[in-house]
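Here, residue 1 is the first one in the sequence, and each next residue gets the next number. The structure displayed is predicted, hence computed values, not measured ones.
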Amino acid sequence: MPEPSQPAPGGDLRADCSRCFGLCCVAPAFSASADFALDKPAGRPCPNLGADFRCGIHRDLRARGFPGCTVFDCFGAGQQVAQVTFGGRDWRAAPETATRMFDTFAVMRPLHELLWYLTEAVALTAPGPLREELAAALTETRRLTAGGPEELLALDVDAYRDRVNPLLSRAGERARAERPGVDRRGAVLVAADLRRVDLVGANLRGAVLLGADLRGADLTLADVTGADLRGADVRGADLRRALFLHQSQVDAARGDHRTGLPPALARPAHWSPPITVLPRPVADRPRSGGRAEPGTRAGGGRAGRRGRPR
């Protein structure tokens, strides 16, 4: 049995699948849809989960109909449950732990998500009473994540989240005060064309931006806490100073090399690559000082019609 790991200082909020037991591939349920190619009930392993707890189609998830898997983020809850809460015992070797482990993961994941938001909020907020409240909530949430299965399963995680969310909302309002924008909190903006909407400093907490057109949009100081960006087109958008933007939101969107991202976030591999413009072959170029190609003006433009694409 592996030695139980200890949580990293300040909380380990990045998923480390090598230290987990495939909990996100077993514990949750999902239904056949655009995000998942099949139905899977809660507590049953995905058929693509291998004996080593790794995904057998990880490199081809999108092509095989599982884009929902590519954007799921446990915020480090998986390795916390596997290595700390259950001390390195895996549910296959110790099947008596399986149900409790899966149920604990369902509590730990939202707690780790809160840890991520609270850590961001503390960093955003200037010293003062609000920052002290945020820091206290961060300490309490971290204490809860270190509890045993019984303590975690006894926690009403939804009620706890409802207590913390107003603090996070106040932190977002404080950060947006530099340039407050439109309030579209919780708005349903499915497939909306937002290219000409001023979104600087906008409140987009919980907004449904599924398939929205955000090409070239400036989301500086926009609060995107919990915003659904699945399929949103953010090509050329400026997300560098968007508030509470996390990696799974970026992974769910469609961007390109022009999309501005915060330094801590990675550009997804499936985003559009830069367009490479190849030089014209030497033989196709007009010779300097010589006769132009028949039917063209000097300089290569074809008389009476559009020149060749360059």
* Heavy atoms only: give me the nearest M101-V81 pair and the separation to one decimal. => CG-CG1, 3.7 Å
* To do: Look at the aromatic rings of W116 and H246 and report parallel, tilted or perpendicular, splitting at 30° and 60°.
  => perpendicular
* Of R195, R258, R254, the residue whose pairing with D233 passes salt bridge (charged side-chain N to carboxylate O under 4.0 Å, His left out) -> R254
* Structure fact -> Nearest heavy-atom contact between W271 and R267 is CE3-CG, 3.8 Å
* pair R174-R170: side-chain heavy atoms closer than 4.5 Å -> no
* To do: For atom CZ of R176, decide whether the heavy atoms of other residues, nucleotides or ligands shown that lie under 6.0 angstrom number more than 12.
  => yes
* To do: Please say which of F102, F21, F86 ends up in a ring pair (Phe, Tyr, Trp, His ring centres under 6.0 Å) with W91.
  => F102
* Asked: Hey, which of D183, D223, D228 is the one that makes salt bridge (charged side-chain N to carboxylate O under 4.0 Å, His left out) with R205?
  -> D223
* Shortest non-hydrogen contact from P28 to L23? -> CD-O, 3.5 Å
* If you take all heavy atoms of A266 and V250, which pair is closest and at what distance? -> O-CG1, 4.0 Å
* Asked: Excluding sequence neighbours, so at least two apart, what forms salt bridge (charged side-chain N to carboxylate O under 4.0 Å, His left out) with R143?
  -> E140, E151
* Asked: Which heavy atom of L61 sits nearest a heavy atom of C69, and at what distance?
  -> CD1-CB, 4.1 Å
* To do: Tell me, with the steps shown, if R100 and D103 meet salt bridge (charged side-chain N to carboxylate O under 4.0 Å, His left out).
  => CA-CA 5 Å; R100 281 199 310 157; D103 291 345; over 6 Å; no
* **Distance-only side-chain donor-acceptor flag, D73 / Q247, under 3.5 Å** => no
* **Spacing of F75 atom CZ and Q80 atom CD [to the nearest 0.5 Å]** => 15.0 Å
* Which pair of heavy atoms, one from P180 and one from A177, lies closest together, and at what distance? -> CD-O, 3.4 Å
* Verify the distance criterion only: is there a donor paired with an acceptor across the side chains of R62 and T70 at less than 3.5 Å? => yes
* Any side-chain heavy atom of F244 within less than 4.5 Å of one from L124? -> yes
* Structure fact -> CG (L221) and CZ (R179) are apart, to the nearest 0.5 Å, by 8.5 Å
* Asked: Do D218 and T220 have side-chain N/O donor and acceptor atoms under 3.5 Å apart?
  -> yes
* Kindly work out whether a path of hydrophobic side-chain contacts (I/L/V/M/F/W/Y, heavy atoms less than 4.5 Å apart) joins V71 to L239. => no
* Heavy-atom distance under 4.5 Å between the side chains of L219 and V234, does that happen here? -> no
* Structure fact -> Hits for salt bridge (charged side-chain N to carboxylate O under 4.0 Å, His left out) against R240, two or more places apart or cross-chain, chain-then-number order -> D238
